[in-house]
Amino acid sequence: MDKCINTAELIPLICQHLEPHDAYAFALAKRSFLKPGLDVVWRHIPSFKPFLSCLPVELWKSKPYESGGYKDPIVADLQRSLVLKDLERYLQYYAPRIREFNVSGWEERGDPILSVAFFRALQLVTLGKPGALAPHLTTFEWMPLLRLRLHFGDEEAQKFPVFRSLFLGPAVLSANLGLGTLGTQFPSEISSTYAVTKTLTRMRELFLVAYDRDLVDDFIAASISSWTNLETLHISYVTKDGIAHIASLPRLKSLKIDNCGILPSYAPGAYPEPSNIPVNVFPALGEAFITTGTIEEAIGFVQQLPPMDTVLRRLCLHTYNKASYADARNLLRTIEIHCNPNVPEAIVWSEGMMRTQDGRCYDEGNSVDLDDMLDIDGLFEFHKLIHLEMRVKKLVRLTPEQAMQMSRSFPNMMNLQLSCDSFYSSFPPLIDHTHLLAILRGCPALKTLGIRFDATRISGLESMPGFSSPVTQLHVGDSPICSPTRVAAFVTANFGALEKLTAYNSGCYGVYNITYKRWSLVAESVLGPEEDSEEESEEESESEEESEENSSSESH
């Protein structure tokens, strides 16, 4: 066994499976273990504490910074002049081993951070060389400016961002940068972000927090030439001018926009047609996660894709404001125009605030125009879909004919959710349990299903001989139900892999309507009693709805 452990090729492989504290003990066990063990210990640095531990003890001293806030941060300050010799041990043995530097959690850890004077001294000693303190760093995230402002005030806090260049060098592949918080700009942060971005020519992943429209457009235009290797971009805000630059990135595969301010190219009320977008835009974009205020802005983004895009596999849209049926149809029409039906594997659209009822009871009104139901017929052409989710506050048309068609259209579907919490509980579903069985039979890969159906005529004897659905999570919304006993027998017979059954409660303030109570009895009969209370269970269900974007990522 001793000979095996001493094999030079095996030692690094062993270290890859060790936690940092175990790797440290491993490194001290034997001389041949030292370098591989230290590589693991120093690979990820979550605070300035490891750096300080490598400096002479008389060089610095830490003490609480009296901020007058809830908890005073600990700040390390110099006790004498800093010279290059003080850094020799760190620079020679440890700095080259650092690959991930993330001090965003400095406040929670309670570890000391360096004072502004300490940082300035480091810049002078290292001659301002980018990445001097971590020359082989690949992943970087700095201290959030908002938290620094709370403890140090605006004047002192804005001095910290300029020192990011001590760690941000040309080897960095992933960075989290900022251009000011919402409603506030700090010139030092903005200018330093412009400067460091120019050096990150190998960067593949960028998280950019920026909200000012003009500033974002200017920054993108000024920096785009350095982003030729960028594959993932997560940006807080972007306009049509900015998206035009982003669309030119040759290797961009994943795009996430928290606030997309792009308006459609057609007049309000008109029917969308293919937009005049060159076919060479977004040449590598495989997934897009876009959040907008209005559905028009969502349409505006989709129109930036080349018609019949042959690359985009996943499109996830979240619109905050409730949309009209006409605009909803226009959005689906635009998706049909700009997405090649033979490529997308996931299409998600969620509407409204995160909570299902926006924190209050919903009044569906005295009259509902059933002709305004949202028709998804065009999406049946997307045969490679494995995730289709319409989490919208309107009726989605699902007829018996469409239910039968799903077996031909979606043979690989794994996650299907069709507006089962549509706020129109007075309108009965167009399909019943027989059509539900047809969907299960036609989509044998289904794992998660959210759908409204009429369960009032279930006898409990319906089953499909030789078939049991692999669905593990079933959400029935406010599906009508009469007999929990018969429905429980139906579910038991046809959902052999079921792990979770949830329903939607249209009541308010802890009041549970009869439909929700009956489905709760079905869930208890099939899966056993819940450990949590009814209230906790409903909160958990609503929490899941808040993570729509995460669920779309997990399904892929």
side-chain contact (heavy atoms from CB on, under 4.5 Å) assessment of His387 paired with Val348: CA-CA 8 Å; His387 184 166; Val348 176; 3.7 Å; yes
Could you check whether any side-chain heavy atom of Met390 comes within less than 4.5 Å of a side-chain heavy atom of Leu388, counting everything from C-beta outward? yes
Trp519 and Phe453 aromatic ring geometry - parallel, tilted or perpendicular at 30°/60° bounds: perpendicular
Measuring from atom CD1 of Ile386 to atom CD1 of Ile347, what distance do you get when rounded to the nearest 0.5 angstrom? 12.0 Å
Side chains of Lys256 and Thr291: does their closest heavy-atom pair fall under 4.5 Å? no
Test item: Phe282 and Leu255 side chains (from C-beta on) under 4.5 Å apart, heavy atoms: yes
Run through Thr515, Asp432, Thr456 and flag the one making a side chain to side chain contact (heavy atoms under 4.5 Å, CB included) with Pro480. Thr456
Nearest heavy-atom approach of Pro341 to Glu381 is CB-O, 3.4 Å
CA sep, side-chain torsions, deciding dist, call: Leu501, Val476, side-chain contact (heavy atoms from CB on, under 4.5 Å): CA-CA 8 Å; Leu501 172 61; Val476 298; 4.0 Å; yes
Parallel, tilted or perpendicular, judged at 30° and 60°: which one describes the rings of Phe140 and Phe101? parallel
Measuring only between side-chain heavy atoms, which start at C-beta, is Phe490 closer than 4.5 Å to Val522? no
Find the distance between CZ (Arg333) and CD1 (Ile337) and round it off to the nearest 0.5 Å. 3.5 Å
Hey, are the side chains of Thr139 and Asn102 touching, using non-hydrogen atoms and a 4.5 Å cut-off? no
With a 4.5 Å cut-off on side-chain heavy atoms, are Val103 and Asp111 touching? no
Rounded to the nearest 0.5 angstrom, the CD-CG distance for Glu336 and Leu331 is 9.5 Å
Nearest atoms (heavy-atom pairs only) where Ile431 meets Ala403: CG2-CB, 4.4 Å
Would you say the side chain of Gln473 lies within less than 4.5 Å of the side chain of Glu499, judging by non-hydrogen atoms? no
Can a donor-acceptor pair be found between the side chains of Asp258 and His234 at a distance below 3.5 Å? yes
OG1 of Thr399 to CG of Asp377, rounded to nearest 0.5 Å, is 7.0 Å
Pair Asp375 + Arg329: basic N to acidic O under 4.0 Å: no
Just checking Phe410 against Phe382, ring centres under 6.0 Å apart? no
Could you give the distance from CG (Leu430) to CZ (Arg452), rounded to the nearest 0.5 Å? 9.0 Å
Closest approach of Arg391 and Gln417, non-hydrogen atoms and distance? NH2-OE1, 3.1 Å
Residue list, side chain to side chain contact (heavy atoms under 4.5 Å, CB included) with Leu263, at least two apart or on another chain: Glu297
Derivation of the side-chain contact (heavy atoms from CB on, under 4.5 Å) call for Leu332 and Ile376: CA-CA 8 Å; Leu332 296 187; Ile376 60 171; 4.3 Å; yes
If you round to the nearest 0.5 Å, how far is OG of Ser254 from CZ of Arg204? 15.0 Å
Donor-acceptor pair between Ser174 and Glu205 side chains, under 3.5 angstrom: yes
Taking every heavy atom of Leu385 against every heavy atom of Leu379, the minimum-distance pair comes out as CD1-O, 4.3 Å
Identify the two heavy atoms, one from Asn494 and one from Ser463, that lie closest to each other, and give their separation to 0.1 Å. OD1-CA, 3.2 Å
Only one of Val238, Ile262, Thr292 passes side chain to side chain contact (heavy atoms under 4.5 Å, CB included) with Ile257; say which it is. Val238
Kindly indicate whether the side chain of Pro344, heavy atoms from C-beta on, has any atom under 4.5 Å from the side chain of Arg313. no
Arg43 atom CZ, over 12 foreign heavy atoms within 6.0 Å: no
